[in-house]
Amino acid sequence: MARLMAPFTPFFAEFLYQKLRSRLPAYAKRDSLPADMLGAADSVHFVELPKAVESSPEKKIISSRALQGVRLMQSVVELGRKAREEAKINMKTPVRSVTVVTTAHIEAFTSVENYILEELNAWEVNITTDVDKWCTLSALPKLPEFAKKLGKRTKSATEAVKALDSSKLRGLISENVKSLTIAPNDGQGAIELEPADLIIKTSFASADKTDFVAQTSFDGALTVAVDIKQDDNLRNQGIAREVVNRVNKLRKKAKLNMGDVVDVFYTDEDVEACSLPTAAALKANPQLLEKANIRPLPECDRCRYAVEIASDIAATPFGSKSLKITLCQPIPVLSAAAAEDALKKRGSNGLQALEALVSTTKPHESLVEGYLDGVPFKLQLGTDFFLDATSRDRAASK
C-alpha cells in the first residue's frame, strides 16, 4: 500500500514505510539484499512500483467488457447531458426516461445502467440495438473533393446524395461496402462514390419531435434521446432535490460536520400563489430525503426557543418562488399530545413556560417532573417530550 501511495502522498507513504519496515522479513537481512528491495530499501521511494500480474484469458475478457462498459457509459452521459442542455432541463430536475440507441452489444451496458440513471437523473433507461426503428441516416457530399471529382455534375450529384435512403447508407457504414452507386438526374449516367466522399449523419427518428431531444456521437454509433415531457411527479422530485441541495449548502455555509445533528424547517412564503407546494413535493419523495438523511419539517413545528444556525430564501424549480429553509440547533421539545394537554389545562402562558423548561433538559434526562404555578407535571422522554423536533416527527409518523 505504501508503494502505491508513494507517488501521490510521498511524505505519508514514507512515514508508513518506516514504521512498518522492521516487520518485513527482508529488513533483518537488508545488508545482503538489493538496495531497492521492499524492506531492505532505506526509503519507499527506492522501491519499484509493483508490476501487474498477467491475467488469465477469462479475466482478460471480463476486464475488456468492463472497460467497454465504462467507455460507453461515459459517452452516454456526455451525450445525455448535451441533450438536457439543449432542452434547457436542469440536472436537478429528473427526466422520465433516456433511450440509448447503439450498434454495440447490449450486454456491455448491464453493469453501468445504474450509473447512467444516476448521472443523468433519469427514472428509466432503455437500451436498444434496433437502429432502423429509432434513427435515420442522411448524407451530404464533401463538396471540395466532390466538385474536384465531378465538375459540372456536382449539383445533380449532390441532389442524388441527399435523396439516398437510410438502408443504403447503413450498409455503407456497417457492411464495409467499399463503394456506392448513385444515378443523378442529368442524363449522363451513374456515378460511383466511396465512403470518403460523403458525410453521413445520424438523427433520432421520433414520431413526436416535442417528446424527445437527442444527441448522436460523431461516428453515428451511439444516439442518446432524453424524454423531455414533464409532469407533476417529475416536478415534485425536482423540488425535493432542490431542497436537499440547499440544505447541504447551508450546512457547508455553517461549517457543520457530517455528524452534526440539526433540525431543518421550511416554509413557502408565497404559499397562496405557489402552484406546487413544497410540502406535497417532500411528501411524495420520502426515499430521496431518507437517502440524503434529511427530514425537513414545516416552520410551524419549530419551537419558539430554537436557535437558528443558518437560513436562506430562494425560488424552487416549478414550485415556490420564495421558499425559506432554516437550520436550527436541536433542543428538547414537547410532543403534540403533551403540548395540546398543557394548552388545555394551563393556557398559552403555561404552555410557553413548560416549553421553556423542557428546552433546557439535558440529553441524559429521561424523566422531567416538578411543579409549575403550583400544578405538578411529569414528562417521559419518548412519550411526552423528545430531544429534538426531528425525533418527534419521526415518532409521530410511525
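All values derive from a computational prediction rather than experimental measurement.
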Suppose the criterion is salt bridge (charged side-chain N to carboxylate O under 4.0 Å, His left out): which pairs have a residue in residues 371-398, not counting sequence neighbours? R295-D393
Check whether any side-chain N or O of D268 sits under 3.5 Å from a backbone N or O of P277 as a donor-acceptor pair, and report yes or no. no
Do the side chains of R302 and E299 get close enough for a salt bridge, i.e. N-O under 4.0 angstrom? yes
Are the side chains of K142 and D197 in touch, meaning some heavy atoms are under 4.5 Å apart? no
L198 and P141: which non-hydrogen atoms are nearest, and at how many Å? CD2-CA, 4.3 Å
State which residue, out of D231, D211, N233, fulfils the side-chain hydrogen bond (donor to acceptor under 3.5 Å, both in side chains) condition with R96. D231
For residues P296 and I325, determine if any side-chain heavy atom of one lies less than 4.5 Å from a side-chain heavy atom of the other. no
In Å, rounded to the nearest 0.5 Å, how long is the span from CD of E113 to CD1 of I127? 4.0 Å
I want to check a possible cation-pi pair here: R30 against Y27, using under 6.0 Å from ring centre and within 45° of the ring axis as the test. yes
What is the minimum heavy-atom distance between W123 and L117, and which atoms define it? C-CD2, 3.8 Å
R3: what forms a side-chain hydrogen bond (donor to acceptor under 3.5 Å, both in side chains) with it, not counting sequence neighbours? none
Single hit among N285, D232, T93 for side chain to side chain contact (heavy atoms under 4.5 Å, CB included) with Q237: N285
Does some side-chain heavy atom of L354 sit less than 4.5 Å from a side-chain heavy atom of L379? yes
Is there a donor-acceptor pair closer than 3.5 Å between any side-chain N or O of R251 and the backbone N or O of D260? yes
Testing Q215, E119, E86 one by one against R81 for a side chain to side chain contact (heavy atoms under 4.5 Å, CB included), which residue passes? E119
Lys/Arg N to Asp/Glu carboxylate O, K344 vs D341, below 4.0 Å: no
Do L367 and Y371 belong together in a cluster built from hydrophobic side chains that touch within less than 4.5 Å? no
Side-chain heavy atoms of T360 within contact of Y305, under 4.5 Å: no
Where is the tightest heavy-atom contact between L33 and A40, given as atom of each residue plus distance? CB-CB, 4.0 Å
